[in-house]
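Report on the structure given below.
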Number of protein chains: 2
Amino acid sequence: MGAEYARQRLRFRPKKIKNNRYRLPATGLPVTSSFRYQQLENQLLDAINSQRLRNGERLPSVRSLCQQHQVSKATVLHALQRLEAQGLIEARPRSGFYVTQRLPALNTPQATALQLSPGPVTIPDLLLDIMQRGAAFDLVSADARLTDTTTGVVTLNRSISRALRRARGDSAQYYDEPAGLAALREQIALRLAQRGYAASAADLCITVGCQNALFLALMASCEAGDAVAVESPGFYGALQLLQQLNLKVVEIPSSALSGMDMDALADALSRWPIKACIVSPAYSTPAGALMPAAARQRLMALAAQYDLAIIEDDIYADTAFTRIPDPLKAEDPDGRVILCSSFSKTLSRDLRLGWIAGGRWHERIVQLKLVTQLASGRALQQGVADYLADGSYSSHLRRQHYRLRQQRDQLMEQLQRWPVAVNLSQPQGGLTLWAELPANTDTHALYSTALAQGIVITPGPLFSASGHYRHCLRFSFAHEWTAARQQALTTLGELLAAAGAKP
Amino acid sequence: MGAEYARQRLRFRPKKIKNNRYRLPATGLPVTSSFRYQQLENQLLDAINSQRLRNGERLPSVRSLCQQHQVSKATVLHALQRLEAQGLIEARPRSGFYVTQRLPALNTPQATALQLSPGPVTIPDLLLDIMQRGAAFDLVSADARLTDTTTGVVTLNRSISRALRRARGDSAQYYDEPAGLAALREQIALRLAQRGYAASAADLCITVGCQNALFLALMASCEAGDAVAVESPGFYGALQLLQQLNLKVVEIPSSALSGMDMDALADALSRWPIKACIVSPAYSTPAGALMPAAARQRLMALAAQYDLAIIEDDIYADTAFTRIPDPLKAEDPDGRVILCSSFSKTLSRDLRLGWIAGGRWHERIVQLKLVTQLASGRALQQGVADYLADGSYSSHLRRQHYRLRQQRDQLMEQLQRWPVAVNLSQPQGGLTLWAELPANTDTHALYSTALAQGIVITPGPLFSASGHYRHCLRFSFAHEWTAARQQALTTLGELLAAAGAKP
């Protein structure tokens with residue numbers, strides 16, 4: 001409760017609070033009894049579901065909710081935060097809370113159409129080409145970009161420079177310890193503890209970004225030929241890893257709202273031997289789904305029943321527009337969750353620093369890191385540790401959340417004005433949303449047409465091991481909606497309309 | 001010839017020449033005809049071998065050699081350089097050239113005793129412990145170290161800071177291209193071209209140090225269960241990689257003078273299917289051997305005959321006290337050599353930047369890098385590229401060569417005064433030498449005894465897949481011989497004498 005409360009206060013007060021000043025109370029147990037905030041939450045939930053509170057409607061003010069329900073301001077704020085985290089309501093600065101605008105529901109992928117039996121991953125060359133462009137997050141190609149000076153990153157780079165200056169020649173003669181710089185692991189552990197996972201520095205290993213963490217997780221927990229369950233649509237980087245490591249894939253349908261379908265997973269587990277499951281409970285790419293508490297509990301129960309390794313891709317958690325969700329790793333008594341993350345989506349893709357909490361595979365992971373790359377750079381890690389410790393990262397995240405939500409709104413507005421019909425996911429975090437276009441759309445063909453006009457799109461089949469989602473696109477709202485990007489989006493709509501995608 | 005000559009001039013003139021100012025002529029063909037410098041070289045070689053020029057004797061001056069043999073100064077210098085590169089003579093500043101002091105020959109390992117048939121690698125926990133300490137290059141433990149400010153590294157860190165400042169927020173939103181920053185690859189290609197390998201940036205991929213390059217090379221060229229030939233004694237990092245990737249090892253005996261024994265390799269190749277060979281032709285660890293031209297040619301012929309992948313560990317080449325040897329990759333018409341290297345041994349272990357020239361496996365390697373780590377940090381690469389381009393790296397190497405040779409001499413002198421008999425290799429480059437102690441020495445037992453006194457040693461069995469070389473130690477001369485290190489070395493000798501190692 002203490003940390004939860006501290007986070008709330010933090011969010012509602014713009015005053016800068018040093019990240020390492022508040023700590024979890026000694027007991028990090030989850031709260032299960034029925035508190036006043038839960039009763040209020042349920043009442044508001046009822047009002048939204050029954051449409052007594054309608055789409056886009058403003059909620060009563062915090063003060064009037066206090067009076068109406070005879071509870072404290074803290075209790076009201078707690079309940080509102082929880083509804084916000086579920087994407088049901090949205091805070092608008094200096095105005096209050098509103099019921100989130102709901103678009104028509106997206107179709108959940110049909111389980112029958114997917115590669116539900118274990119098979120190899122085959123990725124067409126076109127998709128490798130897209131990956132190699134490294135531009136999958138931006139609509140415009142490198143030459144059309146504006147110089148984008150991000151305050152947080154300038155501060156970060158200063159922090160790294162200071163660490164380099166302090167290092168002098170000192171660190172040049174020795175390798176860092178394989179698990180990574182203790183100071184950085186401590187800072188990351190502190191942030192994880194605030195999310196209910198009472199990690200210590202000794203549980204963590206620093207990696208070359210999250211992709212490297214996923215690689216180490218698979219190397220440690222699987223052997224060639226093993227089957228691994230993944231979200232579908234899901235992260236292409238995971239699919240490529242499975243392909244390169246000769247692992248088999250089982251695609252589990254995932255909804256744009258609530259992530260991996262637990263019925264489908266249970267079904268797959270009862271049929272085939274599956275060794276591991278890669279899952280991204282917080283704002284998974286492409287749709288930005290947030291896995292509800294019930295699904296998370298069911299996943300952990302299935303994992304225990306079938307002795308699964310759970311590889312948790314936590315990379316988007318810190319992009320949460322409101323409350324950062326707790327990781328699966330917070331409910332992992334058996335050490336079977338391997339949490340993987342990095343600073344790439346929140347701070348800088350150029351840092352190449354990630355982390356892994358390997359649970360029962362921790363020692364094997366550190367050894368694998370040692371033999372595949374020896375160590376990480378100490379000065380770089382020290383710079384990032386300092387940046388975390390002085391609260392710069394927390395300030396940066398607050399600025400970023402506001403910016404990301406605005407950019408998401410701008411993207412959705414423009415897409416809804418397109419000359420073709422489009423169903424959109426409505427992520428409450430992450431950097432991307434998922435768009436279903438008319439069924440006859442061929443985004444593969446569109447890729448080349450668009451590229452000829454300098455527009456880089458991310459076709460749906462990139463997110464499947466078996467070529468599905470040809471009529472879907474992933475859109476990113478990671479970038480500012482400059483005139484060039486808006487124009488690119490308009491042109492893309494026209495190209496689709498011209499290609500005969502029926503509205 | 002042009003580049004060779006330019007290098008000579010460079011070495012004999014202390015004036016700073018910008019690294020990117022002189023280039024290879026269009027034809028990079030090796031010179032095979034008998035030039036005047038070769039005749040002179042052979043005559044001097046005869047004189048040394050027949051002991052007309054004795055151990056430690058000063059050679060005639062350059063001027064008198066010119067007169068005596070009626071050749072130009074350039075020809076004399078060229079011949080002397082070549083003898084120096086073979087470790088037969090040594091230049092002493094402001095004094096002239098001397099015949100290198102020869103110690104009693106080291107025993108070449110007995111082929112019969114080694115794991116000459118393919119088998120798994122088993123590494124005892126003790127050795128993993130040593131590796132994990134990351135201190136295998138230093139005799140003293142972290143708390144006994146002095147702050148060591150290396151001018152070259154301070155300059156490097158400044159260069160990286162400048163690149164970070166220039167990057168502002170710019171690079172934070174995009175990943176670098178998978179092969180790495182073009183500017184850095186161009187600088188590395190330029191250096192390789194000066195060593196007879198006409199590489200272009202497109203042939204190279206940036207990695208997380210040399211260990212990561214070796215990992216990518218093995219992943220690309222081998223499959224689990226394949227057999228790989230390695231030097232014995234040889235690099236433990238390679239052995240650990242074979243173990244983790246489930247590859248089999250064949251240990252090929254290697255001499256402390258001339259590296260891998262080609263007769264033994266030919267024998268092994270005729271008996272078993274071997275997929276790849278990891279070899280370090282230039283100053284291999286532990287002994288610092290330099291592979292002679294004839295052995296290199298034979299290796300390439302065997303590789304062609306048995307369709308071997310040659311994984312060339314080139315990491316110590318730039319530590320050459322005199323002329324930097326050409327890589328095997330310079331004589332690789334079939335693209336079967338995968339050259340692996342990094343800046344860790346010359347510049348900074350903390351950079352975590354290496355490179356790989358993958359030959360026919362290049363594309364697969366870039367793809368493997370992409371899926372296992374996405375990309376490298378751009379600002380860091382730009383900083384190093386600038387440091388190379390402005391000649392700072394070349395100046396740093398010149399200072400370092402002088403320092404390394406002095407440190408090697410100090411180490412050898414102190415070891416020869418030890419109370420136990422010790423046979424030493426006499427490396428002309430690298431950072432380490434190999435010491436054979438009396439046959440009854442148990443360096444495993446010594447490890448714990450020494451550690452209790454704060455002394456970290458590197459026992460011989462670390463360099464074998466099958467526990468050989470228990471009576472051997474690797475010594476590093478990478479560090480300044482401070483009083484603490486001298487004392488550690490003295491204590492170590494006393495411990496050995498006390499343990500009953502017979503003199």
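Because the structure is a prediction, the values reported are computed rather than measured. Every chain is numbered from 1 and lettered A, B, ... according to where its sequence line falls, protein lines coming before strand lines.
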Heavy atoms of other groups near A:Gln406 CD, more than 12 under 6.0 Å: yes
Pairwise side-chain contact, [X] with [Y], heavy-atom cut-off 4.5 Å (strictly under):
| X | Y | result |
| --- | --- | --- |
| A:Asp350 | B:Gln381 | no |
| B:Gln244 | A:Arg364 | yes |
| B:Gln211 | A:Val371 | yes |
| B:Leu245 | A:Met219 | yes |
| A:Arg352 | B:Leu374 | yes |

Using side-chain contact (heavy atoms from CB on, under 4.5 Å) as the criterion, list what pairs up with A:Ala217, not counting sequence neighbours.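 Checked A:Ala217 against side-chain contact (heavy atoms from CB on, under 4.5 Å); matches are A:Ile311, A:Ile338, A:Cys340, A:Ile356.
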Going through the distances and angles, do B:Leu164 and A:Leu164 end up as a side-chain contact (heavy atoms from CB on, under 4.5 Å)? CA-CA 11 Å; B:Leu164 281 165; A:Leu164 280 166; 4.2 Å; yes
Distance in Å, B:Leu241 CG paired with A:Thr372 OG1, rounded so as to fall on 0.5 Å steps: 7.5 Å
Could you tell me the separation between the NZ atom of B:Lys369 and the CG atom of A:Asn212, rounded to the nearest 0.5 Å? 11.5 Å
Side chain, backbone, both or neither: which part of A:Leu368 has a non-hydrogen atom closer than 4.5 Å to chain B? side chain
Counting only non-hydrogen atoms closer than 4.5 Å, does B:Thr207 touch chain A with its backbone (N, CA, C, O), its side chain (CB onward), both, or neither? neither
